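I have placed the structure first, in the form of structure tokens, so that the comments after it can refer back to it.
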Amino acid sequence: LAVHPDYREKGRGEQLLNAMERIAVNNGIQKLFVLTTRTAHWFLERGFMEASPADLPEEKQEMYNYQRKSQVFIKTL
């Protein structure tokens, strides 16, 4: 999820996340996973919980880049 700098602080990220959550629920998805290196607080404020790479689906664990040191967050829908 990325918002162009010209549109930040205008609720666009919130709108995108809400739309993704609706689509996920409509498709029977029960959890959303996000990785971030910069915006942990934003996801925590929106109901995501801190997790670890081991909590990711197996195919995503294999792709996790430990050099980036991305934080993992999960939200149950």
Side-chain angles (χ1 to χ4, degrees):
L1 173 71
V3 177
H4 188 280
D6 292 348
Y7 297 99
R8 291 184 185 150
E9 305 299 325
K10 297 178 183 173
R12 300 286 174 91
E14 191 85 39
Q15 291 172 345
L16 288 169
L17 179 59
N18 289 338
M20 286 189 289
E21 289 180 1
R22 281 192 306 275
I23 292 167
V25 167
N26 289 339
N27 285 284
I29 295 170
Q30 298 175 351
K31 291 183 181 181
L32 289 182
F33 298 86
V34 297
L35 282 71
T36 184
T37 58
R38 304 175 81 190
T39 58
H41 66 282
W42 193 88
F43 290 104
L44 289 169
E45 291 169 359
R46 283 149 185 86
F48 285 82
M49 304 297 292
E50 195 166 353
S52 75
D55 296 313
L56 293 169
E58 194 170 308
E59 65 274 8
K60 298 298 181 187
Q61 288 180 32
E62 294 170 6
M63 297 171 54
Y64 182 81
N65 182 343
Y66 285 90
Q67 292 176 330
R68 286 190 56 123
K69 298 180 183 175
S70 295
Q71 292 177 273
V72 177
F73 295 91
I74 299 173
K75 182 175 184 178
T76 301
L77 302 174

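What you are looking at is a predicted structure, and each value in this text was computed from that prediction instead of being measured.
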In terms of hydrophobic clusters joined by side-chain contacts under 4.5 Å, are Val25 and Val34 together? yes
Considering all heavy atoms of both residues, which atom of Asn27 and which atom of Ile23 are nearest to each other, and what is their separation? ND2-O, 2.7 Å
Under 3.5 Å, which donor-acceptor pairs link side chains of residues 6-13 to any protein atom two or more places apart or in another chain?
from, atom 1, to, atom 2, distance (Å)
Arg8, NE, Val3, O, 2.9
Arg8, NH2, Val3, O, 3.0
Lys10, NZ, Asp6, O, 3.2

Any residue meeting ring pair (Phe, Tyr, Trp, His ring centres under 6.0 Å) with Phe73, in chain and number order, not counting sequence neighbours: none
Shortest non-hydrogen contact from Val72 toward Pro53: CG2-N, 3.8 Å
Which residue pairs pass the side-chain hydrogen bond (donor to acceptor under 3.5 Å, both in side chains) test with at least one member in residues 61-75, sequence neighbours excluded? Glu21-Lys75
Starting from Leu56, can I reach Ile74 by hopping between I/L/V/M/F/W/Y residues whose side chains sit under 4.5 Å apart? yes
Salt bridge (Lys or Arg N to Asp or Glu O under 4.0 Å): which pairs involve residues 29-57, sequence neighbours left out? Glu14-Arg46
Partners passing side chain to side chain contact (heavy atoms under 4.5 Å, CB included) against Met49 (at least two apart in sequence or in another chain): none
CD (Gln30) with more than 12 external heavy atoms under 6.0 Å: no
With clusters defined by side-chain heavy atoms of hydrophobic residues (ILVMFWY) lying less than 4.5 Å apart, directly or transitively, does Met20 cluster with Ile29? no
Can you tell me which residue pairs pass the ring pair (Phe, Tyr, Trp, His ring centres under 6.0 Å) test with a partner in residues 9-45, sequence neighbours excluded? Phe43-Phe48
Say whether Leu16 and Leu77 are linked into one hydrophobic cluster, either directly or through other cluster members, by side-chain heavy-atom distances under 4.5 angstrom. yes
